[in-house]
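The next block holds one structure in the form of C-alpha cells; read it before the comments.
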Amino acid sequence: MSLSEYKKKRDFKQTAEPAAGKSARSKKHIFVIQRHHASHLHYDFRLEMDGVLKSWAVPKGPSLNPEDKRLAMAVEDHPYDYKDFQGEIPAGNYGAGYVYIWDKGTYDLLEENGKPFDKQALQEWHSGNLKIVMHGKKLKGEFALVKMKGREENSWLLIKHKDKYAVKGAYDAEEFTPQRVIDKGKGSAGGKKAAAPAPKKAAPKKAAAATAKKASPKKAAVPVKKKAPAGEPMKEWYKPMLATLVDEPFDREGWIFETKWDGYRAIAAVRDGKAELYSRNQLSFNEQYAPVKKAVEAIPHNVVLDGEVVVLGKANRSDFQSLQNYKTTKKGNLVYEVFDLLHLNGHELQQLTLLERKTLLQQIVEQLDDPLVQYSGHVEGKGVAFFNKAVKQGWEGIIAKEADSLYAEGARSGQWLKVKVLNRQEAVIAGYTAPRGSRKKMGALVLGVYEEGKLRYIGHCGGGFNERLLHDVYERLRPLETTRSPFDTKVPVNMPVTWVKPTLVCEVKFSEWTGGGHLRQPIFIAMRDDKPAKDVKRELPKHVTMKKNEAREMEVALEDAVKTPAAKKTGAPEKKAAAKKADAREKAAPAKKASAPERKAAPQKAAPAKSEATASKATGVSKKSSAMPDERVLTLNRQQVTLTNQNKYYWPKEKITKGQLIDYYLAVAPYLLPHLKDRPLSLNRFPNGINGPSFYQKDLDTATIPGWLKTEPVFSESNNKTVDYLVCNNEATLAYMINLGCIEVNPWLSRISKQENPDYVVIDLDPEDIAFRHVVDTANVVHEVLEGLGIQGFCKTSGATGLHIYIPVGAKYSYETSRLFAELVAREAHSRLPDVTSVVRAKSKRQKRVYIDFLQNSRGQTIAAPYSARPKPGATVSTPLHWEEVNGKLDVRAFHIGNTLDRLKTEGELWEKISTIKNDLKAVVKSYANG
C-alpha cells in the first residue's frame, strides 16, 4: 500500500492527522501503538519501514502472553509523522474518535541477515513473516507478525515470543491505559459535534503545513462549502489578540513583520453566506462598512477573519481621518486588510501556528479575488529594514509576530509586538475647556487614562481640530455634561472646564511623556468608538529583549522598569536612530574573527552575584518579599504551569530564590531556547538548592507528566531499555523543568532527528588545581590550531571553572568522526603546551594540568547550554564570549544571572549564527588518518 490510499480517505481540512512526513532515516527505527476509540475500540500497531509506518489494527490490543494470538488487520500505510498524532478525529471523518499514544519506542529485526534494515524488513513483510524485538515502555522483547493463510488478504496474527518479558496470566491492554483516557471514550465524536482536534504534539502543525504545500496558489486547499460541516460550532464572539508596545525594532529569525494599519480592528464572522462585522468591543460595523460585509459574504466557506478596516490613500498608505470621514461621505478606497484566520469550516484554528493560519488565509483571499478584501503580507526576520520603510512611507508603525505563535484570544501577548513610528495614545475625554480667541464652542479636551480603576489626568489637547471636527466632537460631548469632575484629584487648568461623563475615547499623537506622566504636545487624531473607556490605560513601551516573555509577573516588572526613569522622546527621528542602532547590533556579533569589530577590553574581575538586588537586576522581578507568592501559576504557550516553593533559597549566601531563577530563565528564553530546540535533555535536579543533594534524571514517567510536554523515546543500549527524554522547545517546558529543581540545562549535542550526528564538536577545558590563566592560554592555542586548519570555533565560559569550545559541523558527521577530530585538535594543542595540559582522563595523571577533554563527543553526553545557570557559588552562567575576551583579564565568575541580560542588551547574542556555520572536517580527518 502507499500513502495515496491514506490520503484518499481523509480530508485534511477537517482532521489534524498529518498529511505527510518523512522518516529521519536514523539507525533506529521507531514503533508506535495508538489506542483508537472510533466506532469500535481497537489498537493501531505501526512499524517504521522504508520511510512510512506499516500499520495493523489490533481489535483486542497487543499482549505480552505468548498464548494470545491477537488478530491484526493490515491497513493502509501511514506517514512517518503519524507517530506523534494524539487527539480527536472529528465526527464525520474517517476513523472519527479519540486517539491516544499507548506505547512508543524503537524496534530491531530479530534475525539480521546483513542486508540494509529497510530492505530486509520489507522482504519479511512481503513474505508474511516478520520477527522483531521491541524496545518500548509497555511492550518489550520478541514479537512476530504472521500473515494468516486461507483468510482475508489483510489478516495477520500478532504473537509474543517466550522470553524474559513474557507473562503467563491474562493480559488486557486496557488495564495499562490511564483512566482519564478511558473516560474520554470516543471524545466529542461520540454522539455530539466534534471539537476541533487538539492533539498532544505537533500533529495540527504538520497537517496544516502539508495542506498548504499541496494547494496551488490559485486554488484554495480548503473545500468549497457553504454549510458548516460537522465540527466545532462557530462562537458568537471572538476577541482579537493584542500586541504589546515595544521601544524599537529588531531583527530576529523566527519572527515576521507586518504593516501596522491605521484603521479599525475588525472581526468578520461568515456563517452560511451571512456575515457579522464587528469591533474588538463587539460594536457592529455592518452598516458603517457595508461594502466589506457584502464582500466577505461571498467567501465560499464558514470562516472567522481578523483584520483592519482602512481607507487607503496614496502609495497604499492607510489614513485614519479618511476612514472617519467615510462614515458620513462614503468616499474613499475602503479595504479590509486581513492578517489572521480563527475558524474554518467547523474548526477552531487558534492552536495552529501563525504561518499555518496565514497560509490558509492567503488561499481564501486569493479564491475570493475581491479588491475590498486584501491579504496583509509580511517579511521574515528583517524588522529593522521594514521599520525604516515604515518611517519613509509614513505608516503608523509595524507589527512583529513570532512565526510559531498560537492565537491567544483577548490577550496582549509578548509574541505579538508593535513598534510605532509616532507616539500615539488612546485617552478618555473627561471634559473640555472654554474657547479662547476666534475658536468656537470649546477650547481643549481634558484627557485621562485609567490606573487601578481610577481616572488619572494626562493633559489637555487642543490641536488637530478643523471647524467641522470641532463641531462634531462638541455635539457628542454636550449630552454627557455633568457638574462633577471624574478625577479624584484637582486638575491644573487655565480656563473654565465643562466636565463630562468619562465614556468617550479619542486618540492623540504626541511628542513624549513628561517626567510627571503628562502628554507633551498632543494632537487630536480621531474619536475611537471601538475602544471601551474602562480599558484605556497609559501605554508604555517595553524593551524588545523581553518580547517573548509571557509570564504575568515578568510583564509587570517590565512595565515598572519603563516607568522608573523620566520618559524619553521616542518619535520618528529617534526611533529611526534606534533602528540604525539595532541594525548595527545585529551586525556586531561576528561570525568570523577577521570580521570582528574592535572590542572593548574584556570585563574586569567582578564580584559574582551577591545580593538580592543583583538577582533582581537579572530577572527583572522584585527581590524576595511577600510580593512573590510561594506558589504561582503562569500561562505560557497557552499552558497553565504551576510553580512551587518560589521563595526557597537556591543560593542561600546570595539570597537568590527558586522563583528568581525561573524568572531569569524566562527572561533569557529567547536566546536559550534555540540552543535547546529538538535536543534530548538530561535533568540535573537540585530540589533544595546548590547546598542540598542532587540527582540526575533522564527517563520521565510519561504517565504522570503533563500531556503537553514533548518527550522522545531513545533506546539505551547500556541500560537495555527505552528512555523517555524531555525535549524543551518552549517557555512552558522550560519553566516546568526549572521548577523541578533543574538549576542548569544540559542538552545533547545532536537533535532527535539525527541522533547519531552532532551539530557541534566540543572541546572542554577543565583545570585541575591550576591557575585559570593557563585555561585561557590553552583556549587560545586551541583557537590557533583550529584557524590553522581553516576551522571556525566559538568559545564560552563553562559557568564553573573552565571554558567550552564549540565547532559547528551541521550534523554532517557521526559522533565517531567528531570525536576523532576533537582528539586531533586536543593532542595538537597538548603538544604545544605539554607542561600545563593533559589529554589523559584519569584525574591522578592530570594534577596541576588543564585537561583537554575530547571525550564529550559521544551520543548521550551532555554539556551546559549557552546561558544556562550553574549550581555554583555566585549563580554563574555559561556565557558566550568574543575571542578577544579570552585573555588574562577574563574571570568566569564575572558572568552570572545578575548581569547576563545586560550583557545581551549591549553585546547581542554572540552565537546567533552558529547554526548556519558547517565546518568541513572530512579533509582534515582524512589527512590525519593517513598520517
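Atoms considered below: every heavy atom in the structure, side chains included; atoms not considered: hydrogens, waters and symmetry mates.
Proximity of a side-chain donor or acceptor of S858 to a complementary backbone N or O of Q861 within less than 3.5 Å is not detected. Side chain of S694 to backbone of F686: no donor-acceptor contact under 3.5 angstrom is found. Under a 3.5 Å cut-off, the side chain of R870 and the backbone N or O of S798 do form a donor-acceptor pair. Judged by distance alone, the side chain of T879 and the main-chain N or O of V877 form a donor-acceptor pair under 3.5 Å. Listed for the Y665 side chain is a donor-acceptor partner under 3.5 Å among the backbone atoms of I743. Proximity of a side-chain donor or acceptor of N899 to a complementary backbone N or O of A894 within less than 3.5 Å is detected. Looking at N729, its side chain does come within 3.5 Å of a backbone N or O of D678 through a donor-acceptor pair. Listed for the N857 side chain is no donor-acceptor partner under 3.5 Å among the backbone atoms of A822. H896 places a side-chain N or O within donor-acceptor distance of the main-chain N or O of G898, the cut-off being under 3.5 Å. The closest donor-acceptor contact from the side chain of N757 to the backbone of Y813 lies under 3.5 Å.
Distance check, rounded to the nearest 0.5 Å: OG1 of T797 to CD of E885 gives 10.0 Å. To the nearest 0.5 Å, atom OG1 of residue T722 and atom CG of residue D724 are 7.5 Å apart. A distance of 5.5 Å separates CG in L786 from CZ in F821, rounded to the nearest 0.5 Å. From L734, atom CG reaches atom CG of N739 across 11.0 Å, with rounding to the nearest 0.5 Å. The CG atom of L636 lies 9.5 Å from the OG1 atom of T733; values are rounded to the nearest 0.5 Å. Interatomic distance, F794 CZ to W883 CH2, rounded to the nearest 0.5 Å: 10.0 Å.
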Test log, rule side-chain contact (heavy atoms from CB on, under 4.5 Å), inputs L803 and L881 | CA-CA 10 Å; L803 295 173; L881 301 170; 4.2 Å; yes
Ring pair (Phe, Tyr, Trp, His ring centres under 6.0 Å) between F117 and Y107, worked out = CA-CA 11 Å; F117 185 100; Y107 79 100; 5.5 Å; yes
Verdict with supporting geometry, L634 and L643, side-chain contact (heavy atoms from CB on, under 4.5 Å) | CA-CA 8 Å; L634 302 185; L643 306 176; 3.6 Å; yes
Can D50 and K119 be said to form a side-chain contact (heavy atoms from CB on, under 4.5 Å), step by step?
-> CA-CA 8 Å; D50 198 28; K119 187 174 182 179; over 6 Å; no
Please lay out, stage by stage, how N684 and E744 fare under the test side chain to side chain donor-acceptor pair (under 3.5 Å).
-> CA-CA 7 Å; N684 189 10; E744 61 185 4; 2.7 Å; yes
List the steps and the verdict of side chain to side chain donor-acceptor pair (under 3.5 Å) for H830 and T837.
-> CA-CA 6 Å; H830 172 58; T837 64; 2.8 Å; yes
Check step by step if side chain to side chain donor-acceptor pair (under 3.5 Å) holds for Q660 and Y650.
-> CA-CA 9 Å; Q660 289 171 315; Y650 268 22; over 6 Å; no
Give the intermediate values and the outcome of side-chain contact (heavy atoms from CB on, under 4.5 Å) for residues I101 and F85.
-> CA-CA 8 Å; I101 297 177; F85 178 71; over 6 Å; no
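Side-chain contact between I30 and L47: absent, with no pair of heavy atoms (C-beta onward) separated by less than 4.5 Å. The shortest distance between side-chain heavy atoms of E253 and E380 does not fall below 4.5 Å. Residues V809 and I917 are not in side-chain contact: their nearest non-hydrogen atoms beyond the backbone lie 4.5 Å or more apart. By the 4.5 Å heavy-atom criterion applied to side chains, L683 and L681 are counted as neighbours. At least one side-chain heavy atom of L904 sits less than 4.5 Å from a side-chain heavy atom of V668. The closest side-chain heavy-atom distance from L820 to T817 is not below 4.5 Å.
With respect to D759, the side-chain hydrogen bond (donor to acceptor under 3.5 Å, both in side chains) criterion is satisfied by exactly one of K918, K754, R679: R679.
Aromatic ring centroids of W911 and Y671 lie 6.0 Å or more apart.
Taking the side chain to side chain contact (heavy atoms under 4.5 Å, CB included) definition, one finds that S831 meets it with E828, sequence neighbours left out. Taking R849 as the reference, S838, R846 meet the side chain to side chain contact (heavy atoms under 4.5 Å, CB included) condition, with sequence neighbours excluded. Remark: E816 engages no residue in a side chain to side chain donor-acceptor pair (under 3.5 Å) (not counting sequence neighbours).
Using modelled atom types and a 3.5 Å distance limit, the side chains of K812 and N919 yield no donor-acceptor pair. For the residue pair N637 / E731, a side-chain donor-acceptor distance below 3.5 Å is found, with atom types taken as modelled. A donor atom on one side chain and an acceptor atom on the other are not found under 3.5 Å apart for Q856 and H804. Remark: the H29 side chain and the D108 side chain contain no N/O donor-acceptor pair separated by less than 3.5 Å.
Contact between Q639 and A732 at its shortest, heavy atoms only, is CB-CB, 4.4 Å. Between R903 and L910, the closest heavy-atom pair is NH2-CD1, 3.7 Å. The two atoms that bring V745 and P747 nearest to each other are O-CD, 3.4 Å, heavy atoms only. Scanning both residues, R252 and P670, for their nearest heavy atoms gives NH1-CB, 4.0 Å. Between A826 and V839 the shortest heavy-atom distance is O-CG1, 3.8 Å. The two atoms that bring D103 and K138 nearest to each other are OD2-N, 3.1 Å, heavy atoms only.
Residues in residues 744-782 take part in these ring pair (Phe, Tyr, Trp, His ring centres under 6.0 Å) pairs, two or more places apart or across chains: Y725-W748, Y760-Y806. Judged as a salt bridge (charged side-chain N to carboxylate O under 4.0 Å, His left out), the pairs with a partner in residues 681-699 (not counting sequence neighbours) are, in order, K137-D699, D699-K721. Under the salt bridge (charged side-chain N to carboxylate O under 4.0 Å, His left out) criterion, the residue pairs touching residues 851-863 are E756-R859, R841-D853, with sequence neighbours excluded.
A salt bridge links R827 with E823; the closest basic N to acidic carboxylate O contact falls under 4.0 Å. The pair D84-K104 meets the salt-bridge criterion, with a side-chain N (NZ, NE, NH1 or NH2) lying under 4.0 Å from an Asp/Glu carboxylate O.
Residue K872 places its NZ atom among 12 or fewer non-hydrogen atoms of other residues, nucleotides or ligands, all under 6.0 Å distant. By the neighbour-count criterion of 12 heavy atoms within 6.0 Å, atom CZ of R832 is densely surrounded, having more than that number from other residues, nucleotides or ligands.
Taking the six-membered ring where the residue is Trp, Y736 and W708 present perpendicular rings, their angle passing 60° and hence far from 30°.
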